[in-house]
Amino acid sequence: MAINQAMEQYAKACNEDVKKLVRDMSVIPAPSHHEEKRVTFVKDWMEKNGAEGVYVDDALNVIWPYHVTDDNDLVVFMAHTDLVFPDTEPLPFREEDGKYFCPGVGDDTARLAVLLTAAKYFVQNKLQPKTGILFVANSCEEGLGNLKGSRKIIDTFGSRVKELITVDGNLSGIVAHAVGSHRYRVTVRTEGGHSYGAFGNRNAIRCLASMIDTLYSVKVPQNGSSKTTYNVGAISGGTSVNTIAQEAQMLYEYRSDDKDCLDKMKVMFEKVVDAYRATGIDVEVELLGERPCNGDMDPVAFAALKDRAAASIRSIVGVEPSFHSGSTDANYPLSKGIPAICIGGCNSVGAHTREEFLYVDSLYTGTRYLLDFMSNYFEL
């Protein structure tokens with residue numbers, strides 16, 4: 001399909017509306033697992049703009065069903081409400097030189113706004129979808145949210161979901177290959193003691209540092225063109241300068257776009273932990289997050305989904321699409337064999353920093369792009 005004159009007119013007419021939606025939503029705090037304020041705003045917006053049957057599930061997904069019956073096939077369009085930032089007070093927003101500045105303004109606030117705006121067109125014009133449609137503002141995509149929202153949608157609707165499209169990137173990119181990851185909190189405990197009186201006792205910080213050094217000496221596995229990485233993202237521990245630390249912690253993750261390599265990293269990590277435990281050190285490992293890699297799926301159906309997205313990028317954005325691996329809400333459906341991709345909805349810079357900004361003009365292109373792409377799923 002292709003964008004038609006009515007869609008073009010709609011994109012122009014609602015351009016100021018989508019900007020306002022971004023401004024209004026950007027200041028609403030939404031840390032992972034605590035998206036309630038933004039959930040309330042989004043649900044209210046949906047209902048004011050023609051949505052019927054909107055509900056919030058127990059994962060804090062806002063679900064807008066359209067032509068959904070008890071058993072028909074479904075296509076899911078989603079963008080996440082949560083932000084990587086822990087703020088619980090209104091976020092700072094400013095506009096300058098054609099840019100919106102706000103933590104999380106692009107990832108994923110503006111993309112959610114564009115998705116909602118495009119969905120509004122199809123619903124208000126009472127267009128008939130080829131399958132049931134779920135428009136979802138989902139929770140917990142970021143960090144330790146562990147894809148809770150995406151998992152809930154797939155676990156709830158199961159094999160009825162034939163495709164899932166998440167809007168969470170810049171306009172030229174398509175993520176079609178899942179980067180899996182395992183994330184841990186590792187706590188090391190020793191006897192500790194006074195730095196002078198108990199000198200010679202094991203220091204938990206020193207033991208943890210040694211473990212980190214061991215983990216960083218690992219040569220990552222390779223399978224063809226696969227990419228595997230690891231990282232210690234935070235460390236903490238100790239009591240004072242004159243105390244031999246009894247406890248120290250780190251946050252550790254490894255990632256790979258290849259399932260076999262991810263499994264090998266798990267084996268390596270567990271062997272390192274076991275080796276330190278064998279010396280008498282107390283090592284506690286807590287799994288904080290697990291994102292899966294691609295599973296087996298129908299290659300023809302998956303290729304058709306990617307081709308539709310690529311065609312819209314060429315037509316509307318005017319560039320050749322770039323396909324790449326990523327860790328997104330598409331990971332979980334991909335692991336279950338459901339064709340899923342992550343596409344863009346605008347252009348922004350500085351994701352996961354407080355200096356993040358959005359190119360305001362890209363909202364218009366993003367609206368046209370989603371209208372064009374989503375038109376494939378309706379009888380026009």
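Side chains included, hydrogens not; waters and symmetry mates left out as well; all remaining heavy atoms used. These numbers were taken from a predicted model, which means no experiment stands behind them.
- Between the OH atom of Tyr100 and the OG atom of Ser362 there is a distance of 10.5 Å, given to the nearest 0.5 Å.
- Through chains of ILVMFWY side-chain contacts below 4.5 Å, Ile153 is grouped with Tyr55, Ile63, Val68, Leu74, Val76, Met78, Leu134, Val136, Ile154, Phe157, Val161, Leu164, Tyr332, Ile338.
- Checking Val175, Thr166, Asn294, Leu147 one by one against Asn331, the side-chain contact (heavy atoms from CB on, under 4.5 Å) holds for a single residue, Leu147.
- Taking a 6.0 Å sphere around CD of Glu52, one finds it holds 12 or fewer heavy atoms contributed by other residues, nucleotides or ligands.
- At least one side-chain heavy atom of Arg38 sits under 4.5 Å from a side-chain heavy atom of Leu83.
- Side chains of Asp82 and His33 form no contact here, defined as non-hydrogen atoms less than 4.5 Å apart.
- Environment of CG in Asn242: crowded, with over 12 heavy atoms of neighbouring residues, nucleotides or ligands closer than 6.0 Å.
- Side-chain contact between Lys130 and Phe378 is absent, with no heavy-atom pair separated by less than 4.5 Å.
- Dense packing is recorded around OH of Tyr216, with more than 12 heavy atoms of other residues, nucleotides or ligands lying under 6.0 Å away.
- Minimum interatomic distance between Tyr184 and Leu288 (heavy atoms only, all atoms of both residues): C-CD1, 3.8 Å.
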Handout entry: Worked verdict on Glu16 versus Lys20 for salt bridge (Lys or Arg N to Asp or Glu O under 4.0 Å)
Key = CA-CA 6 Å; Glu16 292 304 316; Lys20 182 179 186 303; over 6 Å; no
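- Annotation: Ile212, atom CD1; neighbour count of heavy atoms from other residues, nucleotides and ligands within 6.0 Å is above 12.
- With Phe302 as the aromatic partner, Lys306 meets the cation-pi criteria of under 6.0 angstrom to the ring centre and within 45 degrees of the ring axis.
- When Asp73, Asn72, Asp70 are each tested for a side-chain hydrogen bond (donor to acceptor under 3.5 Å, both in side chains) with Arg160, only one passes: Asn72.
- Side-chain atoms of Tyr364 and Lys12, non-hydrogen and from C-beta on, do get closer than 4.5 Å to each other.
- Residue Lys162 places its NZ atom among more than 12 non-hydrogen atoms of other residues, nucleotides or ligands, all under 6.0 Å distant.
- Note that CZ of Phe77 is 5.0 Å distant from OH of Tyr377, once rounded to the nearest 0.5 Å.
- The side-chain hydrogen bond (donor to acceptor under 3.5 Å, both in side chains) test applied to Arg183 returns Glu253, not counting sequence neighbours.
- With hydrogens and angles left out, the side-chain atoms of Asp372 and Ser312 include a donor and acceptor closer than 3.5 Å.
- Proximity of Tyr369 to Ile343: side-chain heavy atoms (C-beta onward) are separated by under 4.5 Å at one or more points.
- Glu35 and Ser139 make their closest contact through OE2-CB, 3.4 Å (heavy atoms, listed as atom of the first residue, atom of the second, distance).
- Counting heavy atoms from C-beta on, the side chains of Asp107 and Glu356 come closer than 4.5 Å.
- Using a 4.5 Å heavy-atom threshold, the side chains of Val42 and Val54 count as separate.
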